[in-house]
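Since the model is a prediction, treat every value here as computed from it, not as a measurement. The chain is numbered in sequence order, starting from 1.
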Amino acid sequence: MISSDNNMILLPKPDEALIAVAAPGSGSGFWAGGPSAVAADDGFYLAYRLRRPIGHGRGYAVAIAFAADGVHFGDPIAVVTSGEMDTESLERPELVRLPDGRWRLYLSCATTGTKHWRVEVTDAAHPSEFDVRERDVVLSGDPRKRAVKDPVIQFHDGQWHMWATIHPLADPDETDQMTTEYATSPDGLDWTWQGTAISGRPGEWDSRGTRVTAVRLGTGGAGGTNTVTAYYDGRATAAENYEERTGVAVGAEPAALIATSLPGDGPAVSSPYARGGLRYLDLVDLPDGRTRLYYEMAQPDGSHALVTELRG
């Protein structure tokens with residue numbers, strides 16, 4: 001743990017993590033992960049993606065589960081399948097509690113037969129009640145120019161904030177590259193892009209792409225400015241796709257994040273297993289001052305499990 005102005009940077013400790021959702025199979029390509037967690041009065045609601053290897057279903061479902069303690073999640077209370085969403089694959093969901101107490105689920109969907117991604121949205125009174133027959137495309141991207149997926153969304157100081165992953169589509173050999181762009185909205189549905197928040201650094205461990213996965217929006221900071229702390233996935237090569245590691249970035253503004261690792265340093269944290277994949281870190285700050293971490297981590301057999309830690 002290190003200090004960044006008024007925010008404390010929490011880094012995962014893989015040797016202390018407990019499995020919250022096991023991989024749906026053994027071996028590389030079987031993943032439970034991409035978590036988005038929300039703490040409510042009765043416990044924790046966790047949305048996550050389930051995936052099989054390419055050729056065997058890819059991201060075949062998004063599930064939502066509940067655990068009173070944030071660890072022992074039972075059978076899902078809701079499941080959305082790729083068939084229901086007319087998508088070739090589902091990626092990390094974003095589960096949000098709305099100011100009026102209702103719930104919203106953002107779903108990242110691969111357009112079949114292409115490298116394009118879009119984000120669709122559906123609302124419900126409770127996480128067990130999402131009906132994807134009633135949904136809208138909220139981030140369409142551009143089938144020829146850019147794919148958009150994996151939004152991280154917060155309501156803060158009366159405004160909606162989003163950091164979304166962008167993949168370029170103009171060159172078929174470069175579509176794995178990724179940057180994170182920042183947008184704002186009055187309602188969480190109609191978004192205005194504000195600029196690139198973070199992109200890869202040439203020659204560094206994150207040169208091929210950067211995907212923001214969690215953000216803390218603070219106030220105070222040096223000189224009274226806002227301070228943003230973000231966690232992001234990064235990789236140096238196309239071959240490292242699906243096995244990203246976790247880094248940290250900070251900034252005075254949500255659209256101006258700077259990686260904290262020095263030139264030549266590696267990621268802040270990685271898995272001790274397989275190819276080191278440790279990605280999609282999510283943070284849930286609790287009323288008692290502690291924080292529960294959720295993230296996707298490579299296991300000894302090459303699969304990915306969704307794990308959790310309680311810190312503070």
Is there a path of hydrophobic side-chain contacts, each under 4.5 Å between heavy atoms of I, L, V, M, F, W or Y residues, that connects L10 with Y295?
yes
State, to 0.1 Å, how close A39 and F44 come at their nearest heavy-atom pair, and which atoms those are.
CB-CE2, 4.1 Å
Can you confirm whether F155 is buried at CZ, in the sense that more than 12 heavy atoms of other residues, nucleotides or ligands lie under 6.0 Å from that atom?
yes
Apply side chain to side chain contact (heavy atoms under 4.5 Å, CB included) to Q154 and W160, showing your working.
CA-CA 6 Å; Q154 291 188 18; W160 289 93; over 6 Å; no
At what distance, to the nearest 0.5 angstrom, does CG of L90 lie from NZ of K149?
11.0 Å
Out of curiosity, L306 CG to I19 CD1, how far, rounded to the nearest 0.5 Å?
9.5 Å
Would you check if the side chain of T260 reaches a backbone N or O of V248 as a donor-acceptor pair within less than 3.5 Å?
yes
Please evaluate residues V21 and L46 with respect to the criterion side chain to side chain contact (heavy atoms under 4.5 Å, CB included), reporting the C-alpha separation (whole Å), side-chain torsions for both, the decisive distance (0.1 Å), and the verdict.
CA-CA 10 Å; V21 181; L46 176 66; 4.2 Å; yes
Do the non-hydrogen side-chain atoms of Y60 and L50 ever get within less than 4.5 Å of each other?
yes
Would you say that more than 12 heavy atoms from the other residues, nucleotides or ligands in this model lie under 6.0 Å from the CG of D100, or not?
yes
Between atom CG of L286 and atom CG of L310, what is the distance when rounded to the nearest 0.5 Å?
6.5 Å
Tell me yes or no: between the side chains of D190 and S185, is some donor less than 3.5 Å from an acceptor?
no
Classify the ring geometry between W31 and Y242 as parallel (under 30°), tilted (30 to 60°) or perpendicular (over 60°).
tilted
Is there a donor-acceptor contact under 3.5 Å from the side chain of H116 to the main chain of A147?
no
For A61, is there any backbone N or O sitting under 3.5 Å from a side-chain donor or acceptor partner on T81?
no
Run the ring pair (Phe, Tyr, Trp, His ring centres under 6.0 Å) check on Y231 and W163 step by step: do they pass?
CA-CA 11 Å; Y231 298 81; W163 296 262; over 10 Å; no
For the CD atom of E88 and the SG atom of C109, what is their distance to the nearest 0.5 Å?
12.0 Å
Closest non-hydrogen atoms of T291 and R216, given as atom of the first, atom of the second and distance, are OG1-NH2, 3.1 Å
Are any of the side-chain heavy atoms of W193 and L139 separated by less than 4.5 Å?
yes
Could you state whether F30 and V79 fall into the same hydrophobic cluster, counting links through intermediate Ile, Leu, Val, Met, Phe, Trp or Tyr residues with side-chain heavy atoms under 4.5 angstrom apart?
no
Could you tell me whether a side-chain N or O of T180 sits under 3.5 Å from a main-chain N or O of V212, the two making a donor and an acceptor?
yes
Measuring only between side-chain heavy atoms, which start at C-beta, is V137 closer than 4.5 Å to E120?
yes
With side chain to side chain contact (heavy atoms under 4.5 Å, CB included) as the criterion, how do E91 and Y280 come out once you've worked through the C-alpha distance, each side chain's angles and the decisive distance to 0.1 Å?
CA-CA 11 Å; E91 196 49 272; Y280 290 114; 3.4 Å; yes
Does the S199 side chain pair with the main chain of T179, one donor and one acceptor, at a distance under 3.5 Å?
no
D136 side chain to V138 backbone, donor-acceptor under 3.5 Å
no
I need the R211 CZ to I166 CD1 distance, nearest 0.5 Å.
12.5 Å
Would the number of heavy atoms belonging to other residues, nucleotides or ligands and lying under 6.0 Å from CG of D15 be above 12?
yes
Does V269 belong to the same Ile/Leu/Val/Met/Phe/Trp/Tyr cluster as M297, with side-chain heavy atoms less than 4.5 Å apart forming each link?
yes
So do the side chains of D142 and L169 get within less than 4.5 Å of each other, counting heavy atoms only?
no
Cationic N near anionic O, under 4.0 Å, K13 to E309:
no
Quick one, I64 and W103 - any side-chain contact, counting heavy atoms below 4.5 Å?
no
Run the salt-bridge test on R208 and E174 with the 4.0 Å N-O cut-off and return the result as yes or no.
yes
Charged N to carboxylate O below 4.0 Å: is that the case for D206 and R201?
yes
Same hydrophobic cluster for L95 and Y294, using side-chain heavy-atom links shorter than 4.5 Å among ILVMFWY?
no
Ring-plane angle category for F66 and Y45, please: parallel below 30°, perpendicular beyond 60°, tilted otherwise.
tilted
What one should report as the nearest heavy-atom pair of S108 and R92 is OG-O, 3.5 Å
ILVMFWY cluster, L217 and Y182 together (side-chain gap under 4.5 Å):
yes
Could you pull out the closest heavy-atom pair between L278 and S271, with the gap in Å?
CB-N, 3.7 Å
Heavy atoms of L257 and G251 approach each other most closely as CD2-N, 4.2 Å
R135 vs E84, side chain to side chain contact (heavy atoms under 4.5 Å, CB included): CA-CA, chis, key distance, verdict:
CA-CA 11 Å; R135 66 185 194 270; E84 291 177 277; 6.0 Å; no
Distance check, rounded to the nearest 0.5 Å: D150 atom CG versus E94 atom CD?
9.5 Å
Check: T175 side chain, K115 main-chain N or O, donor-acceptor pair, under 3.5 Å
no
Closest non-hydrogen atom pair between G188 and Y106, with its separation:
O-OH, 2.7 Å
Keeping T87 on the side-chain end and S89 on the backbone end, is there a donor-acceptor pair under 3.5 Å?
yes
V215 vs P254 side-chain heavy atoms within contact, under 4.5 Å:
no
Would E296 and R51 pass as an ion pair if we require N to O under 4.0 Å?
no
Whether R279 and D233 form a salt bridge (side-chain N of Lys/Arg under 4.0 Å from carboxylate O of Asp/Glu) is what I want to check.
no
